[in-house]
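Take a look at the structure set out below.
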Amino acid sequence: MVAEKPSLSQSIAHILSEGRMASRRAALDVHEFDGRFRGQAARFKMTSVIGHVYSIDFTAAFNSWDKVDPAQLYDAPTIKQEANPKVAGAYAGCRLPRGRLHRAACPAPPQAHVCEHLQREGRGMDVLVLWLDCDREGENICFEVMDNVVPYMSRRGGGGGQPSVLRARFSAITAPEIRAAMNNLVSPNEAEALAVDARQELDLRVGVSFTRFQTRFFQGRYGNLDASVISYGPCQTPTLNFCVERHQTIVSFQPEPFWSVRPRASKAGVPLELEWDKGRVFDQDVGAMYAGLVREAKRLRVVDVSEKEDRKPRPHGLNTVEMLKVAERLYTSGYLSYPRTESSAYPPNFDIVGNVAALRNHPVYGAYASSLLQQGIKHPQGGTDVGDHPPITPVRSATEAELGGGDPWRLYDFVARHFLGSVSPDAVYRKTKATFEGGGETFSASGSVAVKPGFTAIMPWRATQSEPLPPLSPGEFLTLTEVELYQGRTSPPDYLTEADLIGLMEKHGIGTDASIPVHINNICERNYVSIQAGRKVVPTELGITLIRGYQLIDPELCKPQVRAHVEGQIDLIAKGKADKEAVVAHTVEQFRAKFLFFVGHITRMDSLFEASFSPLASSGKPLSKCGKCRRYMKYISARPQRLYCNTCEEVLALPQGGTIKLYKSLVCPLDGYELLLFSLSGQDGKTFPLCPFCYNSPPFEGAVKVGVEGAVGSKAGMPCSTCPHPTCPHSLAQHGVFPCPNPGCQGGTVVLDPVSAPKWRLDCNRCNFLMYLPANLHSAKVTKDTCEDCGGRLLDLDWRKGSLPPALGPLAQDGSALSGVCPVCDEEVATLCEVKHGHAFAARRMGPRGRGRGRGRRGRGRGRGRDKNFDPRMSFRDF
């Protein structure tokens with residue numbers, strides 16, 4: 001059995017096993033127990049994935065921004081690759097006692113690919129039960145799991161030589177719901193899974209093609225865009241369009257003066273708020289005439305008084321858009337039902353009474369829940385039942401103390417009150433309206449009094465405040481105390497709030513209940529909008545310019561109707577009414593034509609950028625010399641940071657998320673460009689030198705390109721720490737020490753950081769593994785000699801005068817220096833080293849098994865016996 005995340009796996013296994021399960025650590029936790037399945041004794045094994053098993057991407061040949069024409073991406077082959085290459089806990093901050101990480105301090109579970117984990121755990125199983133979330137994305141993950149498990153199952157589970165694969169459908173993590181799902185297993189829905197595949201492929205081809213073209217075109221021309229990527233998204237861009245259209249309405253609005261007659265009168269000391277039936281006029285003389293007529297009358301006559309009972313309807317069931325955030329933790333803990341739903345109506349078989357009864361002992365709203373049960377609850381009408389999940393409801397009683405207060409409690413309290421309110425009677429009010437006449441003009445006043453609070457007793461913020469009118473009778477006269485001719489000015493609409501924007505997205509079919517917040521977050525991160533006071537979404541200059549450009553070239557690129565049409569086609573796939581391949585092929589051709597037209601008319605958008613942003617030639621400040629023209633290039637610090645040579649008209653990308661400075665005016669021996677030093681922020685931030693030309697155009701075939709971990713929009717390139725040049729003094733050949741021991745690292749090498757003094761350190765050139773060398777070093781150098789035990793390069797270490805640790809005194813050559821040291825195998829030195837950010841650091845690669853007699857320092861060595869599990873392919877001798 002496979003769930004969507006580890007917490008769900010544990011909760012479901014606990015319910016089905018009644019707590020009698022044995023759990024073991026693996027790449028993802030596995031829970032096993034004995035029980036019965038469809039009348040037969042069975043052994044159950046439950047584990048999970050962590051969201052999607054696969055992500056879609058282009059093949060490696062099409063992943064270069066520089067070499068691949070974005071137009072080719074509409075035909076480029078795609079592959080599904082593992083979304084989470086390695087899974088295991090992070091064990092940072094561990095020390096290296098006796099040359100290795102102590103296993104007891106870092107009990108790391110085995111690492112494995114998710115696919116490997118599923119294949120291993122599913123081997124020989126008779127039945128596969130899928131406990132993925134019951135939406136389209138969950139259905140798609142079902143088939144990703146099946147791809148990895150079914151080939152390894154036994155063939156006796158389903159009859160006919162085929163494995164048995166079943167699907168559980170549930171909406172809450174409660175014992176009744178989970179047991180009911182187990183007793184009513186169904187088949188997975190391939191049509192819904194294919195609909196997700198279609199959306200993913202279309203979004204990839206369309207989004208990446210436009211994004212690559214826009215980014216390269218505009219970043220190569222303007223220096224102050226302040227955006228690492230100029231992205232386009234089939235959902236993201238229409239979302240931005242809503243914000244920009246509201247902005248355009250506001251800035252183009254022309255205010256106009258108006259006048260309104262406002263008489264003042266009272267009855268029994270109660271002032272009346274009177275509304276003129278004409279509302280307002282736009283001619284001052286006309287307004288003055290009406291005001292004069294009312295003044296001359298000096299009093300108002302009551303023409304009519306009407307009274308009627310009005311109802312404020314209870315709210316519909318709570319859906320995701322109403323809640324505006326996903327309550328994942330409360331769902332996985334079994335307090336709330338599934339929080340991503342578009343339904344606001346309770347299905348006919350929904351157990352409303354049972355859910356209300358679960359709250360009758362609650363200290364806050366238990367009394368209210370009990371009174372509802374005593375009155376009898378009718379199934380509420382109205383709302384929309386999309387059929388995915390029922391509205392969001394509490395499924396277990398929880399107190400503020402139990403949830404730890406804060407946001408979880410506030411959200412739970414809101415959901416519980418909304419649920420109780422949605423099954424309560426309507427609120428009843430008595431509304432009174434009085435009509436007045438004076439000087440030939442008609443005015444009115446309204447009041448209301450609560451009769452029955454209904455659902456507002458549990459949702460007081462939805463109550464209408466009682467504001468009764470004083471007693472009035474038709475024919476009665478009231479004396480006017482004043483008649484004001486009020487002057488005002490029409491005002492534009494305000495900027496959209498996040499709630500307004502979400503409502504527009506839902507109305508026009510932009511995104512799903514789960515993805516709507518993601519699209520809003522994307523336009524914020526891309527610097528297209530900013531969130532201002534009152535949660536108002538205000539577009540930036542970049543966002544406005546982009547949308548105006550689309551409107552000039554092809555307005556459909558930013559209109560919601562295009563995306564709504566695509567979503568309609570995807571819905572047909574999900575319902576089995578359309579062929580996935582045909583829909584994708586047709587839509588791809590439509591967007592290919594739009595892309596080519598966009599590229600051909602990009603000058604229309606460029607003219608807008610030219611009016612709003614500074615050209616590269618006038619941006620930045622001189623930093624380093626170009627290797628071609630020997631003139632200074634300009635360093636542009638605005639996102640994305642880059643170099644620009646005004647003479648060669650060349651833009652060179654740089655790693656993002658850190659600082660750039662010159663590296664001692666050193667020059668790359670290959671191309672003559674001045675070297676730069678890149679430093680990530682933070683106490684343990686990595687620093688490495690790079691040649692800006694080599695970083696963008698590696699001179700060696702198959703050279704390793706490295707991105708910067710955690711840097712948004714970072715472009716992968718070749719820094720000096722991965723350069724295989726055999727003689728360059730800054731290359732990997734000169735500074736590499738040993739293969740990275742982090743199992744999650746793919747082929748990294750630990751190199752000496754040449755500028756880390758006074759706290760000398762070794763960094764992996766691929767991952768965030770680092771090792772601090774002993775304190776108080778004056779210098780550290782990498783020698784050409786290698787350790788006979790581990791194959792790593794030896795170091796020459798020189799301590800500051802008088803700072804040599806006493807334990808190393810007998811080993812020193814001149815009182816402060818040690819030569820030929822292996823920081824892994826020489827135990828006296830390794831004890832003084834500290835490892836940080838070593839994710840599940842593998843002791844089997846690094847740990848000594850005793851003191852060997854390798855060459856070590858001065859040829860006499862204090863190495864270690866080779867671990868029988870040590871992989872000789874990782875030996876530095878092979879480097």
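Scope of the values below: all heavy atoms of this structure, side chains included, with no hydrogens, waters or symmetry mates.
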Just by distance, do the side chain of [X] and the backbone of [Y] share a donor-acceptor pair under 3.5 Å?
X: Ser9; Y: Lys5; answer: no
X: Asp133; Y: Asp135; answer: no
X: Arg246; Y: Asp494; answer: yes
X: Thr456; Y: Pro453; answer: yes
X: Glu498; Y: Arg535; answer: no
X: Asn521; Y: Pro517; answer: no
X: Asp500; Y: Thr497; answer: yes
X: Lys433; Y: Lys308; answer: no

Open item on the list: Among Val356, Val415, Asp413, Leu420, exactly one meets side-chain contact (heavy atoms from CB on, under 4.5 Å) together with Pro394. Which residue is that?
Closed with: Val415

TODO: Among Arg262, Arg295, Arg264, find the residue that satisfies the side-chain contact (heavy atoms from CB on, under 4.5 Å) test when tested with Glu482.
DONE: Arg264

Task: Residues Lys431, Glu309; criterion side chain to side chain contact (heavy atoms under 4.5 Å, CB included); working and verdict - done: CA-CA 6 Å; Lys431 298 189 71 173; Glu309 187 175 272; over 6 Å; no

Determine the minimum heavy-atom distance between [X] and [Y], stating which atoms define it.
X: Asn140; Y: Ala193; answer: ND2-O, 2.8 Å
X: Phe170; Y: Leu132; answer: CE2-O, 3.9 Å
X: Val261; Y: Gly287; answer: CG2-O, 4.0 Å
X: Thr540; Y: Ser530; answer: CG2-N, 4.2 Å
X: Pro257; Y: Phe282; answer: O-CD2, 3.3 Å
X: Leu469; Y: Ala445; answer: CD1-O, 3.7 Å

Open item on the list: Within the supplied structure, the quantity of interest is the number of heavy atoms (other residues, nucleotides, ligands) at a distance under 6.0 Å from Arg169 CZ; does it exceed 12?
Closed with: yes

Task: Heavy atoms from other residues, nucleotides or ligands near NZ of Lys267 exceed 12 (cutoff 6.0 Å) - done: yes

- [ ] Go through the steps to decide whether Ser448 and Arg430 satisfy the test side chain to side chain contact (heavy atoms under 4.5 Å, CB included), and finish with yes or no.
- [x] CA-CA 6 Å; Ser448 64; Arg430 186 173 61 250; over 6 Å; no

Task: Of Phe443, Trp276, Tyr486, the residue whose pairing with Tyr290 passes ring-ring contact (aromatic ring centres under 6.0 Å, His included) - done: Trp276

- [ ] Could you verify whether a donor N or O on one side chain and an acceptor N or O on the other, from Ser466 and Tyr429, lie under 3.5 Å apart?
- [x] no

Task: Steps toward ring-ring contact (aromatic ring centres under 6.0 Å, His included) verdict (His508, Phe242) - done: CA-CA 11 Å; His508 291 277; Phe242 290 132; 5.3 Å; yes

Can we say [X] and [Y] salt-bridge, meaning some charged N sits less than 4.0 Å from an Asp/Glu carboxylate O?
X: Arg136; Y: Asp571; answer: yes
X: Glu400; Y: Arg410; answer: no
X: Glu192; Y: Lys575; answer: no

TODO: Verify side chain to side chain contact (heavy atoms under 4.5 Å, CB included) between Leu480 and Leu300, making sure each step is shown before the conclusion.
DONE: CA-CA 7 Å; Leu480 286 173; Leu300 294 177; 3.6 Å; yes

- [ ] Under the side chain to side chain contact (heavy atoms under 4.5 Å, CB included) rule, what do Tyr528 and Gln236 come out as? Steps first, then yes or no, please.
- [x] CA-CA 10 Å; Tyr528 297 159; Gln236 167 194 300; 3.5 Å; yes

Open item on the list: Does the Lys NZ or Arg CZ of Arg314 fall within the cation-pi geometry relative to Phe455 - under 6.0 Å from the ring centre and within 45° of the axis?
Closed with: no

